[in-house]
Amino acid sequence: MDGFWGYALDNVTVNGKVYSLSMQWGTDIKNPEDVRSIRDDRGEGACGVENFLEYWHPLVFAKITNALTELAKHYKDSSNIIAYQIGNEEGFNYYVDNGDDQNPYYSELFGLWRKDHPRESQDQFRADTINHLWKYFNNVIHQVDPYKPTTTNTQSGNMEKNNIIYPNFAPDGMTMDIYRSVDMIGSMFYGNAGSLYPNLDAIYASEDIAAYAKGFPVLFPTEISATMDEGSVAKMITAQTLARGGQGIGLYCYGEMYSDFERNNLRNPLPVRSTVKTLLKVLQDNMDVIYSSIPVTKEGTHNVYLRIGEISNYESRENPTLNVLNTEEGNTLGVLHFAGNANEDSKNAEAAANRRILIELSAKEVGIYRVEMHRTDGIVTAFTIKIDTENGEERFETETMGLDVTYITVKKVTGTSGSENPAIGSH
């Protein structure tokens, strides 16, 4: 956008050409004229070039912090706003020169930093600077509104999908350590989902997903892809988020969820649309347990725990995972899913595999328990199980089709009195 305020905030003219010191520079992008030229070269309808503010420019820095202060003042007492997303895909000119900013302010700041870090790389400088900026912006918000959490949406999800674990660096110089500077993990969970959660787990220095429930950052991905042709990524990343006690999700699907699908030259809506609708229905049906649950181990559960006993009729290479969440009231949610990447496997034999899974249910308290199994293909099965002794155990079977996720809720409905024979039904 040629009229963007950042272009005109601090300009200098050299040999008759205007340069914008308040914007990050690429090799051929130093002002609106350069942006316009590159955009026009791409042809009509091109989406243009992403160019970023020079965040450490004194005037830019002041404007951003003032804006964040006013934002927090405006929404501090609003019950409709639950959190602040400080930025969106901010970075060091990633789409232009892979982060090689050539603005004089960048060079000056890098020189000052280099005096104290003579042996460190420029990537480390970018990471340190980004982390400092986000920590400062976070504090600006909390000086006014200390109770609503903050998050940001990192550039193209580079850290997660590229298997970046600190002290390695994403293409724009960021590291996983940025999540120590904000309150919530909120990033773009696309593409190779296989590396997303191992990276995030490393932040907590633990392979135990119960660690997510013990402190910051809160897990709330803001952009989960549904992919253009089907919804496997949305289903699996959502499952892995909730299995870690995630406090919410945001699905961003570009054009595949549009009602005016004709605009995309499609005769019918893409299959992902119905898949996501079914997924959201499953989450809504189990919201009371999802909302109040935290990940638990068998030793830490208030009452009920679930685990996989055995798997039969199964020849594909990936075993499903069953994670358990528990409420203080003893209600339980089991998330039966496949950790890793559904996107690559969604059209091969892995996706077509049927699996019969024996689930072992253990309960500390005697009673009758209602079990509901909600599959993301839309099938719901409900029945009751009787536990006759303290720390008793019963078993039941379920099936999975392809890469569907099954959400299993267990609630105690009576004590020892009740039906002697479990009532089994489905719809």
Side-chain angles (χ1 to χ4, degrees), residues 23-26 29 49-57 60-61 64 68 83-103 105-107 109-110 113-114 117 120-141 149-205 216-225 237 241 250 252:
M23 299 297 295
Q24 293 179 38
W25 288 6
I29 301 179
V49 178
E50 291 203 25
N51 197 18
F52 297 97
L53 288 162
E54 194 75 18
Y55 302 118
W56 37 91
H57 187 293
V60 172
F61 191 80
I64 293 176
L68 292 175
Y84 301 97
Q85 182 173 310
I86 300 174
N88 185 66
E89 300 185 51
E90 315 289 356
F92 283 74
N93 231 346
Y94 167 63
Y95 288 124
V96 178
D97 286 332
N98 293 322
D100 187 18
D101 182 15
Q102 299 172 46
N103 186 294
Y105 275 95
Y106 175 89
S107 300
L109 188 63
F110 180 51
W113 179 88
R114 201 60 181 269
H117 306 82
E120 298 287 355
S121 68
Q122 188 169 173
D123 280 336
Q124 185 66 62
F125 164 69
R126 293 170 182 158
D128 287 352
T129 306
I130 288 176
N131 290 340
H132 174 78
L133 285 169
W134 256 237
K135 188 173 295 182
Y136 193 91
F137 294 158
N138 175 72
N139 291 341
V140 167
I141 290 282
T150 62
T151 188
T152 188
N153 192 29
T154 63
Q155 183 66 269
S156 193
N158 275 322
M159 300 170 307
E160 293 91 350
K161 71 181 185 182
N162 287 307
N163 199 30
I164 301 299
I165 298 177
Y166 191 84
N168 297 321
F169 303 93
D172 58 354
M174 291 190 188
T175 70
M176 296 295 292
D177 211 38
I178 191 176
Y179 291 128
R180 302 183 192 277
S181 302
V182 291
D183 303 322
M184 298 198 304
I185 294 173
S187 189
M188 302 172 68
F189 287 13
Y190 298 133
N192 184 10
S195 64
L196 300 183
Y197 280 104
N199 288 350
L200 294 176
D201 293 347
I203 294 177
Y204 296 85
F216 290 110
V218 174
L219 182 57
F220 196 135
T222 52
E223 288 195 27
I224 295 177
S225 169
I237 298 181
T241 298
Y252 189 59

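All heavy atoms count here, side chains included; hydrogens, waters and symmetry mates do not. Everything numeric in this text was worked out from a predicted model, so none of it was measured.
- Taking Arg114 as the reference, nothing meets the salt bridge (charged side-chain N to carboxylate O under 4.0 Å, His left out) condition, with sequence neighbours excluded.
- Heavy-atom minimum distance, Ile130 versus Met174: CD1-CG, 3.4 Å.
- Of the listed residues (Phe137, Trp134, Tyr84), just one forms a side chain to side chain contact (heavy atoms under 4.5 Å, CB included) with Val182, and that residue is Trp134.
- Using a 4.5 Å heavy-atom cutoff, the side chains of Phe220 and Pro149 are not in contact.
- Nearest heavy-atom pair across Gly26 and Gln102 is C-NE2, 3.8 Å.
- The side chain to side chain donor-acceptor pair (under 3.5 Å) test applied to Trp113 returns His117, Asp128, not counting sequence neighbours.
- Using cut-offs of 30° and 60° for the angle between ring planes, the His132 and Tyr136 rings count as tilted.
- Looking at Gln24, its side chain does come within 3.5 Å of a backbone N or O of Leu53 through a donor-acceptor pair.
- Considering CD of Glu54 and OH of Tyr105, their distance stands at 9.0 Å, rounded to 0.5 Å.
- Here the straight-line distance linking atom CG of Leu68 with atom CG of Asn139 works out to 11.0 Å at 0.5 Å rounding.
- The shortest side-chain heavy-atom distance between Arg180 and Asn131 does not fall under the 4.5 Å cut-off.
- Using a 4.5 Å heavy-atom cutoff, the side chains of Asp101 and Phe110 are not in contact.
- Atom CG of Leu219 and atom OH of Tyr179 lie 9.5 Å apart (nearest 0.5 Å).
- With Asp183 contributing its side chain and Val218 its backbone, the two residues share no donor-acceptor pair below 3.5 Å.
- Listed for the Thr150 side chain is no donor-acceptor partner under 3.5 Å among the backbone atoms of Asn138.
- A distance of 9.5 Å separates CD in Gln122 from OG1 in Thr129, rounded to the nearest 0.5 Å.
- In this structure, CD1 in Ile185 is found 6.5 Å from CE in Met176, a value given to the nearest 0.5 Å.
- Using the six-membered ring where Trp is involved, Trp56 and Tyr106 have ring planes that are tilted, between 30° and 60° apart.
- The heavy-atom pair separating Met23 from Asn103 by the smallest distance is O-ND2, 2.8 Å.
- Taken from CG in Asp100 to CZ in Arg126, the straight-line distance is 6.0 Å, to the nearest 0.5 Å.
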